[in-house]
Amino acid sequence: MNEVLRIAVQKSGRLSEDSLNLFKECGIKFDNGAGKLKATSSNFPAEFLFLRDDDIPGYVEDGVADIGIVGQNVHVETSKHVNEVKLLGFSKCRLSIAIPRSETYGSVKELEGKSIATSYPVILGNFLKDNGVTAHIHEISGSVEIAPSIGLAHAVCDIVSSGGTLLSNGLKEVEVIFRSEAIMIGYPNLSPEKQSIVNQILFRIDSVQRAKNRKYVVLNTKQENIALIRQLLPGMKAPSILPLADEGWVSMHSVIEEQDFWQNIEKLRDAGAEGILVLPIEKMIF
Ligand SMILES: Nc1ncnc2c1ncn2[C@@H]1O[C@H](COP(=O)(O)OP(=O)(O)OP(=O)(O)O)[C@@H](O)[C@H]1O
Ligand SMILES: O=P(O)(O)OC[C@H]1O[C@H](OP(=O)(O)OP(=O)(O)O)[C@H](O)[C@@H]1O
Ligand SMILES: [Mg+2]
């Protein structure tokens, strides 16, 4: 039987765009037109389910979806029995406790006896327990940052990224209790056929991610500078060196980590590199 992998992604929100792009960059085509809740890929054995992110771990635990993408915050909060397949590096944020800006804060002990509004009662509860603090957790499902200003709670515990939402609601961050990024989770008992489809996806993701961090560098230099420049351009293997039409000049080609390039750009020029081109790489297969 030809198996089709069911992939759960967030319908609309902070994870959606990067989740969909991840599969598109892997060459998996599908139509995610507005209002669509399900889509079948036209060129890969996969079907996409567009869901609320909070529901995804439960669907994956039950095997209704085979894999899904959620924030680690939602994965830990929902505590479902699923496999952690791969961290994906996007939707990075933190879960923090915040209090009104006008109030002073010394330590976590000051939360004793206070009420804290949050959509993450499990993660917050664990943090308070670990710190020996008893506080009242007031669970709400959204717009958490409004709670202190309407007298619902003394403090909040919610997602922070830029800090803009806290600022515009008169709050300040006092404790970071969890750091999160997107994670692929999987049903623990996948059939060998479905596991092999997951492996194909992981192979493609690795190729895309590897390429994203690296650049193809081309530069010209005099022959006598080759050894020095090689030390500054630690490539995949040895760089390719091609003769130029001008006597004594060569073109050097190499694939390097982008950060190595920026760290060494001045040294490269001092070592006699000219006409340096830095090109993006789409996929990198080992
Ligand atoms: N400002 C942010 N910056 C980066 N990542 C974020 C941010 N806010 C949330 N996230 C991450 O993205 C996930 C989804 O956030 P979003 O705000 O879209 O959730 P939601 O409102 O619960 O969506 P849904 O309607 O699907 O339930 C969060 O669980 C978190 O991991
Ligand atoms: O620190 P910041 O950069 O301001 O980001 C934090 C905010 O982002 C998320 O909400 P989102 O904007 O996704 O809206 P939502 O509450 O409708 O999910 C989160 O719930 C915070 O409220
Ligand atoms: Mg949600």
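Order of appearance sets the numbers: ligands from 1, and atoms from 1 within every ligand.
- Note: Phe30 and Phe50 have tilted aromatic rings, judged against thresholds of 30 and 60 degrees for the angle between ring planes.
- Within 6.0 Å of the OH atom in Tyr59, the count of heavy atoms belonging to other residues, nucleotides or ligands does not exceed 12.
- Taking 4.0 Å as the cut-off, Gln72 does not count as a neighbour of ligand 1 on heavy-atom distance.
- Of all the atoms in ligand 1, the ones that sit under 4.0 Å from a non-hydrogen atom of Gly71 are 31 (O).
- The distance from ligand 1 to the heavy atoms of Ile159 drops below 4.0 Å at these ligand atoms: 7 (C), 8 (N), 9 (C).
- A salt bridge links Asp206 to Lys86: at least one charged side-chain nitrogen sits closer than 4.0 Å to a carboxylate oxygen.
- Sequence neighbours left out, not one pair with a member in residues 274-286 passes salt bridge (charged side-chain N to carboxylate O under 4.0 Å, His left out).
- Given atom 4 (C) of ligand 1, the protein heavy atom at minimum distance is Lys92 O, 3.3 Å.
- Counting only non-hydrogen atoms, the option in Cys93, Ser19, Gly142 that gets closest to atom 6 (C) of ligand 1 is Cys93.
- Heavy-atom contacts of Ser161 reach the following atoms of ligand 1: 1 (N), 2 (C), 3 (N) (cutoff under 4.0 Å).
- No side-chain heavy atom of Glu193 sits less than 4.5 Å from a side-chain heavy atom of Ile197.
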Residues Gln209, Asn213; criterion side chain to side chain donor-acceptor pair (under 3.5 Å); working and verdict: CA-CA 7 Å; Gln209 286 186 339; Asn213 300 329; over 6 Å; no
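- Residues passing the side-chain hydrogen bond (donor to acceptor under 3.5 Å, both in side chains) test with Lys11: none are found, sequence neighbours excluded.
- Nearest protein neighbour of atom 27 (O) of ligand 1, counting heavy atoms only, is Arg52 NE, 2.6 Å.
- Every atom of ligand 1 with a heavy atom of Val74 under 4.0 Å away is listed here by number and element: 29 (O).
- Nearest protein heavy-atom contact of atom 12 (O) of ligand 1 is Arg14 CB, 3.4 Å.
- For the Mg ion (ligand 3), the nearby protein N/O/S atoms, meaning those under 2.8 Å, are Asp53 OD1, Asp54 OD1.
- Residue Lys11 does not touch ligand 1, judged by heavy-atom distances below 4.0 Å.
- Contacts of Gln10 with ligand 1, taken as heavy-atom pairs under 4.0 Å, involve the side chain alone.
- Distances below 4.0 Å separate heavy atoms of Gly13 from the following atoms of ligand 1: 18 (O).
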Steps toward side chain to side chain donor-acceptor pair (under 3.5 Å) verdict (Glu145, Thr165): CA-CA 7 Å; Glu145 293 92 344; Thr165 308; 4.7 Å; no
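- At a threshold of 4.5 Å between non-hydrogen side-chain atoms, the residues Leu95 and Cys157 count as touching.
- In this structure, ligand 2 sits under 4.0 Å from heavy atoms belonging to Arg14, Glu145, Asp158, Ile159, Val160, Ser161, Ser162, Gly163, Gly164, Thr165.
- Ranking protein heavy atoms by distance to atom 28 (C) of ligand 1, first place goes to Asn73 ND2, 3.6 Å.
- No side-chain heavy atom of Val60 sits less than 4.5 Å from a side-chain heavy atom of Ile67.
- Distances from atom 21 (O) of ligand 1 to the protein include no heavy-atom value under 4.0 Å.
- Both the backbone and the side chain of Asp53 come within 4.0 Å of ligand 1, counting heavy atoms alone.
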